[in-house]
J.: 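Would you mind keeping the following structure in view while I ask a few things?
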Amino acid sequence: MELTQAIQQRKTIKAFDRNAKISRAELEEMLNLAQLAPSKANLQPWRFMVLDSPEQKSLLNGKVAFNELPCETASAVVLILADLHYPQLLSDILDLAVEKGYLHPATRQNSFEFLSNMHNSQTPQQIRDQVLIDSSLVSMQLMLIAKDRGYDSHAIGIFDREAVLNSFNLDGERYVPVMILALGKAAAQPIPSVRLPLDYTLAYNGEPFKK
């Protein structure tokens with residue numbers, strides 16, 4: 001599928017085909033591609049909790065507003081989290097960069113110190129804002145990759161975040177739930193939706209918005 005087609009055909013699906021499955025191998029292929037999304041200093045603060053059993057998906061009941069049906073019928077539900085403690089993986093990222101030949105071993109320690117100091121200079125709110133941006137980028141990329149593979153999606157941004165963290169024994173001091181993404185094959189046509197014309201959303205060179 002062409003990228004333009006994937007963008008145009010991606011729609012929010014209210015219910016999925018219960019018999020359609022996404023193998024873990026294919027899901028991991030899609031997640032690997034999604035992780036090519038950009039992130040600040042390539043620190044990759046996103047984390048994925050995949051729910052692909054009925055029992056685990058049922059733990060979302062009562063926590064996702066009116067979106068229980070897409071979660072229940074999806075082939076897989078991906079809880080996308082932002083990791084506030086992402087520097088714990090900084091050494092692994094730099095070691096991989098050295099192994100791949102992207103970073104010279106002699107500069108590895110300097111890179112580590114620079115990135116650590118950059119993190120330490122930020123306020124908690126700045127850190128939170130950045131990991132939410134980065135994790136949102138990977139979420140959108142995953143939806144387009146799924147569409148390219150012939151799957152549909154339903155992105156859920158309104159849910160009881162504290163209850164979801166507790167349901168899966170996740171540390172709320174470390175992980176920020178960004179989105180719940182239900183994936184599968186659509187069981188019905190999506191409801192059409194409109195987008196504002198650029199007249200409402202575009203301005204050039206500091207000009208005021210037209211509307």
Side-chain angles (χ1 to χ4, degrees), residues 1-14 30-31 33-48 63-67 70-71 77-87 90 93 114-149 151-165 172-183 186 188-211:
M1 180 180 292
E2 296 289 336
L3 176 59
T4 300
Q5 290 178 304
I7 293 171
Q8 291 173 335
Q9 294 179 23
R10 184 219 57 81
K11 302 293 182 184
T12 297
I13 299 301
K14 301 297 185 181
M30 292 193 288
L31 290 170
L33 287 171
Q35 291 194 131
L36 297 177
S39 61
K40 181 180 180 180
N42 194 36
L43 292 174
Q44 307 162 57
W46 45 71
R47 306 290 178 258
F48 309 109
K63 304 177 182 71
V64 290
F66 301 104
N67 295 305
C71 291
V77 176
V78 184
L79 175 56
I80 299 172
L81 307 156
D83 186 355
L84 295 171
H85 297 178
Y86 63 84
L90 176 55
I93 292 171
F114 173 79
L115 292 170
S116 296
N117 290 336
M118 180 182 68
H119 171 77
N120 293 333
S121 69
Q122 294 181 299
T123 66
Q125 187 61 54
Q126 288 173 325
I127 292 169
R128 184 183 180 90
D129 289 346
Q130 188 62 51
V131 298
L132 290 175
I133 290 170
D134 294 342
S135 300
S136 297
L137 289 171
V138 82
S139 301
M140 188 68 247
Q141 190 137 309
L142 179 55
M143 284 187 275
L144 292 177
I145 291 163
K147 189 68 229 182
D148 180 65
R149 296 290 185 98
Y151 298 110
D152 299 289
S153 60
H154 184 120
I156 301 167
I158 299 175
F159 56 95
D160 187 334
R161 284 165 165 77
E162 184 176 356
V164 168
L165 287 169
E173 295 296 317
R174 176 170 182 173
Y175 299 109
V176 181
V178 176
M179 185 177 298
I180 295 174
L181 186 59
L183 299 172
Q189 290 298 313
I191 299 172
S193 60
V194 300
R195 295 295 185 272
L196 288 169
L198 286 180
D199 284 347
Y200 291 82
T201 60
L202 172 66
Y204 286 104
N205 301 321
E207 295 176 350
F209 288 99
K210 296 180 177 64
K211 299 289 184 178

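Keep in mind that what you see is a predicted model, and the values were worked out from it rather than measured. The basis for the numbers below is simple: all heavy atoms, side chains too, and nothing from hydrogens, waters or symmetry mates.
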J.: Just checking E207: does its CD atom have more than 12 heavy atoms from other residues, nucleotides or ligands closer to it than 6.0 angstrom?
T.: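 It does: E207 CD has more than 12 such atoms within range.
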J.: Give, for atom CD1 of I80 and atom CD1 of I156, the distance between the pair rounded to the nearest 0.5 Å.
T.: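 If we round to the nearest 0.5 Å, I80:CD1 and I156:CD1 are 11.0 Å apart.
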J.: How long is the gap from OH on Y175 to CG on L79, to the nearest 0.5 Å?
T.: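 If I round to the nearest 0.5 Å, the distance is 11.0 Å.
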J.: In chain order, what residues pass the side chain to side chain donor-acceptor pair (under 3.5 Å) check against D160, with sequence neighbours excluded?
T.: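 Expected list: none.
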J.: Short question: side chain of R161, backbone of P177 - any donor-acceptor pair under 3.5 Å?
T.: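 A pair under 3.5 Å: yes.
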J.: What's the separation between atom NE2 in H119 and atom CD in Q130, rounded to the nearest 0.5 Å?
T.: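 The NE2 atom of H119 sits 12.0 Å away from the CD atom of Q130.
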J.: At what distance, to the nearest 0.5 angstrom, does CG of L3 lie from CD of Q8?
T.: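 That separation rounds to 9.5 Å.
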J.: side-chain hydrogen bond (donor to acceptor under 3.5 Å, both in side chains): which pairs involve residues 37-46, sequence neighbours left out?
T.: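 Listed by first then second residue: Q35-W46, N42-Q44.
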J.: Within the side chain of D134, is there an N or O that forms a donor-acceptor pair under 3.5 Å with the backbone of P45?
T.: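 No, D134 side chain to P45 backbone: no donor-acceptor pair under 3.5 Å.
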J.: Counting only heavy atoms not in K11, do more than 12 sit closer than 6.0 Å to its NZ atom?
T.: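 Atom NZ in K11 is packed in, count exceeds 12.
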J.: Just how far is it from atom CG of L36 to atom CG of L31, taken to the nearest 0.5 Å?
T.: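 Separation between the atoms: 11.5 Å.
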J.: For the backbone of T123 and the side chain of R128, can you confirm whether one donor and one acceptor N or O come within less than 3.5 Å of each other?
T.: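 No, the answer is negative, given that no donor and acceptor are paired below the 3.5 Å cut-off.
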J.: Using a 6.0 Å cut-off, check whether atom CD of Q126 has over 12 heavy atoms from anything other than its own residue.
T.: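 Yes - once you tally the heavy atoms of other residues, nucleotides and ligands closer than 6.0 Å, there are more than 12.
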J.: Between atom CZ of F48 and atom CG of L142, what is the distance when rounded to the nearest 0.5 Å?
T.: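 Here the interatomic distance stands at 6.5 Å.
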J.: Could you list the donor-acceptor pairs under 3.5 angstrom formed between side-chain atoms of residues 190-202 and any protein atom two or more places apart in sequence or on another chain?
T.:
{"residue": "S193", "atom": "OG", "partner": "R195", "partner atom": "NH1", "Å": "3.1"}

